[in-house]
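Presented below is the structure to which this report refers.
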Amino acid sequence: MNGISSSGQVERFRCIIAEHLGLQFEDAKLGFLAEVLERRLHKQAAAADYLGQLEARLPLDELGALALELTVPETYFFRNVEQFHALMEAVVPDRAGPSGASKSLRILSAGCASGEEPYTIAMLTRGLPLEGGQVSIRGVDVNRAMLDRAARGRFTEWALRETPPEMKRRWFRRSGRESVLDETILKSVQFSQHNLLDESPELWAVEHYDVVFCRNVLMYLTPKKAAAVLARITRALAPGGYLFLGHAETLRGLSQDFHLHHTHGTFYYQRREGDGPAARQGGESDQAHPAAMPLAAAVESAGTWVDVIRNASERVRELTPEAPLRAAISWPDKNIEAALELLRTEQFGQAMEMLQSLPPEAARSSEALLLTAVLLTHGGKLADAEAACRGLLAIDELNAGAHYVLALCRESAGDERGAIDHDQTAIYLDPAFAMPHLHLGLLARRAADPEGARRELTQAQVLLQREDGSRLLLFGGGFGREALAALCRAELQACGGQS
Ligand SMILES: C[S@@+](CC[C@H](N)C(=O)[O-])C[C@H]1O[C@@H](n2cnc3c(N)ncnc32)[C@H](O)[C@@H]1O
């Protein structure tokens, strides 16, 4: 910090930014915020109570100036191209009807920066045979300079780095070092300056849009503001309409109003029809493991990872001293927590009885259903475990644990593609979840894909170090952190990777 603004002032500035722009800045960024504050203070005629004035009311001009300094406008044409494949091959046919059909399509790019995202959509949807209507595309952003750049329609090679050559030929012409976008595409997107945090009945008209792209925006917002923006998007989407987020963003923990789709190698969401918005703790080692076979050898000789879990469950008793469970999963009922303790001591029958005696509401909770599915997996009742997972996903579609257990069930049923799909979904929903990476690594090894195996096992190894104890207990298949890490090391060595 440069010492001119006090830390108290910078903290106030951070709160104002969070409140009015929704942007979240970690402590590590306080120095950067102090510099921005200094620059803004120098520009004020009456700097004396700049922060007080912002707190009372943030004028639009000043909001724009702050947006220029603080938002992250990185974007390019055809970014995450799989999402555009999904848009054209799954979403548009679904919304426009099978015969190419009868209705207009309304698409919003929320947080469009300099326009590459809505222009990509315009290029792709150009000439769609919509008999009864047309495609309307709208781009909004709080950053005026970005919108001006979008309107100029002149782009660098860097912005076109992922643009397919035929699209470049068709829609751009070179002018010096820049590429100039064709007028037809320029005119097919309407841009306007909006703060997504602001209520605007016109922008957020109820059930108006068929598709909303809000990619790489929510990740910069405070959880409260991200939830508020999402609530608006949900309301403004037609029932059955689609939402695309950035590839590192999920709705897990934010909303239950959407179905999750996984096609074309990407994830996206569809607003539900109808009501609308609405292992053991670490410390143990392989040496302490009374099972005769080391885990790596058990994996080698077993058919599937579920077989290993089941064999271990039959042979292993009381491996570790009691260890307190940390609270990554909060258990809604003390009897569910007690059932988890019974899982720890491999008393699966008693654990199941405890779950069956839960009051109806607790029995229907995500946690009880997930624990039931895990217990069934340990008991080798894979079809029942799968049914429990599907029941859980019917009420909590974004439950990463249910997708992981389903991956095990699918593998056991000989459906490797389905297993991979569910592991990938679990990872998308919860990037810190170690077990689906480990499982994908084992599947890749079995499929003679050493590169894929190395990638996944390395990732599993990293994540296992900080994986939560209660999640290890639930998903570790009866093995603790050290045993699973040793398995990763052995498997990595076996496929020529570093361990
Ligand atoms: C990283 S860019 C994403 C651009 C594009 N969606 C993409 O994924 O390539 C994020 C954009 O969100 C905009 N943004 C951030 N907060 C906003 C807000 N409160 N209202 C409107 N736009 C906002 C920024 O100005 C920036 O242009």
Side-chain angles (χ1 to χ4, degrees), residues 247-248 262 265 267 279-289 291 293-313 316 319 328 374 377 400-401 403-412 414-469 471-499:
H247 73 125
H262 184 193
F267 294 92
R280 248 158 270 279
Q281 185 72 11
E284 72 276 37
S285 68
D286 278 335
Q287 284 74 20
H289 205 298
M293 230 186 317
L295 183 49
V299 168
E300 207 57 57
S301 66
T304 67
W305 178 232
V306 174
D307 293 337
V308 180
I309 296 172
R310 198 168 56 233
N311 294 341
S313 303
V316 178
L319 294 181
V374 167
T377 313
H403 281 287
Y404 170 63
V405 177
L406 260 181
L408 304 184
C409 297
R410 289 286 82 216
E411 184 203 2
S412 197
D415 172 16
E416 296 220 335
R417 188 58 256 167
I420 291 169
D421 198 63
H422 283 292
D423 276 329
Q424 288 174 340
T425 305
I427 290 167
Y428 164 71
L429 290 169
D430 185 353
F433 196 177
M435 289 309 293
H437 283 287
L438 198 162
H439 190 221
L440 279 177
L442 298 177
L443 289 170
R445 251 253 295 151
R446 205 160 285 151
D449 169 13
E451 197 184 315
R454 283 195 291 273
R455 189 184 58 241
E456 297 299 339
L457 291 164
T458 306
Q459 189 64 17
Q461 216 175 18
V462 172
L463 293 175
L464 272 171
Q465 287 171 22
R466 47 175 194 264
E467 183 61 283
D468 178 87
R471 287 222 307 195
L472 277 180
L473 173 57
L474 199 54
F475 301 114
F479 302 98
R481 194 186 310 276
E482 289 307 320
L484 293 167
L487 171 64
C488 287
R489 279 196 297 278
E491 290 287 314
L492 271 168
Q493 260 166 7
C495 57
Q498 287 186 337
S499 59

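The figures that follow rest on heavy atoms only: side chains count, while hydrogens, waters and symmetry mates do not.
Across all non-hydrogen atoms, the minimal contact from A444 to A453 is CB-N, 3.5 Å. In plain terms, the two heavy atoms of A419 and R410 that are nearest each other are N-CB, 3.6 Å. Of all heavy-atom pairs between R445 and C495, the closest is CD-CB, 3.9 Å. In plain terms, the two heavy atoms of F475 and G401 that are nearest each other are CZ-CA, 3.6 Å. Here the shortest heavy-atom pairing between L484 and F479 reads CD1-O, 3.7 Å. Counting all heavy atoms, side chain and backbone alike, E467 lies closest to A432 at OE2-O, 3.7 Å.
To the nearest 0.5 Å, the span separating CG on L408 from OG1 on T377 amounts to 6.0 Å. Taken from CD in Q493 to CZ in R454, the straight-line distance is 13.0 Å, to the nearest 0.5 Å. If you take CG on L438 and CG on L463, they are separated by 10.5 Å, rounding to the nearest 0.5 Å. Between the CG atom of D449 and the CG atom of L443 there is a distance of 10.5 Å, given to the nearest 0.5 Å. Interatomic distance, CZ of R446 versus CD of E416, reported as 7.0 Å (0.5 Å rounding). Note: M435 CE to D423 CG = 9.5 Å, rounded to the nearest 0.5 Å.
No side-chain heavy atom of H437 sits under 4.5 Å from any side-chain heavy atom of L464. Inter-residue side-chain proximity for I420 and R417 is flagged as met; some heavy-atom pair is nearer than 4.5 Å. T425 places none of its side-chain heavy atoms less than 4.5 Å from the side chain of L406.
Not counting sequence neighbours, the partners of H403 by the ring pair (Phe, Tyr, Trp, His ring centres under 6.0 Å) test are H422.
Relative orientation of the Y428 and F267 rings is parallel, given thresholds of 30° and 60° on the angle between their planes.
Around atom NE2 of H262, more than 12 heavy atoms belonging to other residues, nucleotides or ligands sit under 6.0 Å away.
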